[in-house]
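Shown next, in structure tokens, is the structure this report addresses.
Counting starts at 1 for both ligands and their atoms, following the listed order.
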Amino acid sequence: METREPTTLYVQDDARPGLDDDAERMLHPDEARQRILARVTPLPSESVRLRDAAWRVLARDLIAGEDHPPFPAATMDGYAVIADDPSPWREIVGRQTAGTVEDIEIGLGVAAWITTGAPVPDGADAVVPVENTELADEHVVIHQEHVSPGENIRPVGVDLAKGSVVLKAGSIIGGAEIGLLAGLGVDPVEVNRRPRVSVLSTGNELVEPDERPGPGQIRDSNRYSLVAALQEAGAEVVWAGHGPDDADALRAALVERIAESDVVITSGGVSMGDLDLIKPLLAELAEVHFRRVFMKPGKPFNFATCGETLIFSLPGNPVSALVGFEVFLRPALKSMMGAAEIDRPRVPVRVEHAVRPSDRIEMQRAAVRVGEDGRLTAATTGPQASSRLASLVGANALLLVPPGGEELPSGSTLEAMLTGPLVAEAT
Ligand code: AMP
Ligand code: MG
């Protein structure tokens, strides 16, 4: 079977000196991404209560201020003993349960009942699990061949040593991370501010999802898709609305949203029609950095700045809008949030079907799973029209198809950007 070397998405364009500041030049996706990231300034940090910190980005390295566990702790329910004690049975001299410190001293011939998580009493150097013991009156008999010093005891600092770096700045605070913060008593916690984002969908044809479209109308789906994508990326949506293809209305909306947002996203109105008003409005209100990207879907993609605010104008076709978000906006937002990882992983995959390259770098939607031979395998999600939102349903990857050339046979290897977890089963 023919395979083709995985081709990176971010192939550099043959540099054309002198045209670099020309916003009309069609950029390779990597150059577009660079231009965007060069304009990103990380947002300042803020202090939030730990209960509100899940999925935020940690602003500073977390250094353990104390050892964990702070005392030698039993890892089993059983008896605290001296490991090398040859006594045939031991007198039970006390009970040490979690949450207290009893005045117990373990010597030869004695043991203390102890529960998981309880501090090991002075003198003891092992815990014998209760299932290896037998009770006889006030005594315990150990039925374990050999007891080693340290057995079933978590020493001080074994999980976290005081002074060690527990989490790096830029970590996303998930379940484990928030648990570590809680365990070390970090509340409130310093996190990076989330980008405040406004979403403006444009088009005279758009009505709300709960409205019945009139003749020639469709429902606005991009606004909902983009808000969901923003939430997943960790941004704060401060406003989402819809505007008609009317220059004055769109100008007013843009001016207002730019003033209150770190990022403004528009959908629609960036093509070549005379009702495509976003392009001229951006030229009027902002500094435009580029307008077109050498990719499919999503060739018209305007990136502009107005003061500190970044403005991304996506095409109206639903797939183009979401793919543009994935490829450019998500890394930009992650970078603003100071996240350590801003990009999705990219992996070589074997494609289960023939692939016909287009004239631009194409990002075909696919479902990637682990094949029977253990290699990653990609299956298309069907027709790839930029209007067919269903092509993103079930997709966990964008296949990066290099432009031009012959049809790639089934079994070819391509690079894929993984946008979600691997699919468990072939569909
Ligand atoms: P435009 O980029 O404005 O030329 O729109 C391109 C295509 O996307 C047209 O078929 C529009 O009707 C459609 N479209 C534009 N905006 C949206 C939206 N918010 N939701 C769904 N489809 C849209
Ligand atoms: Mg339109």
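- Taking the six-membered ring for Trp and thresholds of 30 and 60 degrees, F301 and F312 have ring planes more than 60 degrees apart, a perpendicular arrangement.
- Neither the backbone nor the side chain of H242 has a heavy atom within less than 4.0 Å of ligand 1.
- For ligand 1, the polar-atom distance check finds no N/O of R223 at less than 3.5 Å from any of the ligand's N/O atoms.
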Quiz item: Given the rule in the side-chain contact (heavy atoms from CB on, under 4.5 Å) test, do I172 and K334 qualify, once you have shown the distances and angles that lead to the verdict?
Solution: CA-CA 10 Å; I172 306 279; K334 292 278 178 190; 4.1 Å; yes
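- Numbered from 1 in the order shown, with element, the atoms of ligand 1 that lie under 4.0 Å from a heavy atom of S201 read 19 (N).
- Within the 3.5 Å criterion, the main-chain N or O of K168 finds a donor-acceptor partner in the side chain of S171.
- Close approach of ligand 1 to S271 is summarised as follows: ligand atoms under 4.0 Å from at least one heavy atom of the residue are 2 (O), 4 (O).
- Listed by number with element, the atoms of ligand 1 under 4.0 angstrom from any heavy atom of D220 are 18 (C), 19 (N), 20 (N).
- Contacts between S221 and ligand 1 below 4.0 angstrom, taking non-hydrogen atoms only, involve backbone and side chain alike.
- Side chains of S391 and Q384: no donor on one and acceptor on the other come within 3.5 Å.
- Scanning the protein for heavy atoms near atom 22 (N) of ligand 1, the closest one is I218 CD1, 3.5 Å.
- In this structure, of G269, S320, G316, S387, the residue bringing a heavy atom nearest to atom 15 (C) of ligand 1 is G316.
- Salt bridge annotation for E415-R344: absent, with no cationic side-chain nitrogen under 4.0 angstrom from a carboxylate oxygen.
- Salt-bridge check for R49 with D52: failed, with every basic side-chain N at 4.0 Å or more from each acidic carboxylate O.
- Residue-environment remark: CD (E232) exceeds the threshold of 12 foreign heavy atoms within 6.0 Å.
- Distances below 4.0 Å separate heavy atoms of E205 from the following atoms of ligand 1: 11 (C), 12 (O), 15 (C).
- Of the protein's non-hydrogen atoms, the one nearest atom 6 (C) of ligand 1 is N317 N, 3.7 Å.
- Scanning the protein for heavy atoms near atom 18 (C) of ligand 1, the closest one is N222 ND2, 3.3 Å.
- We find the CG-CG distance between L37 and D30 to be 11.0 Å, quoted to the nearest 0.5 Å.
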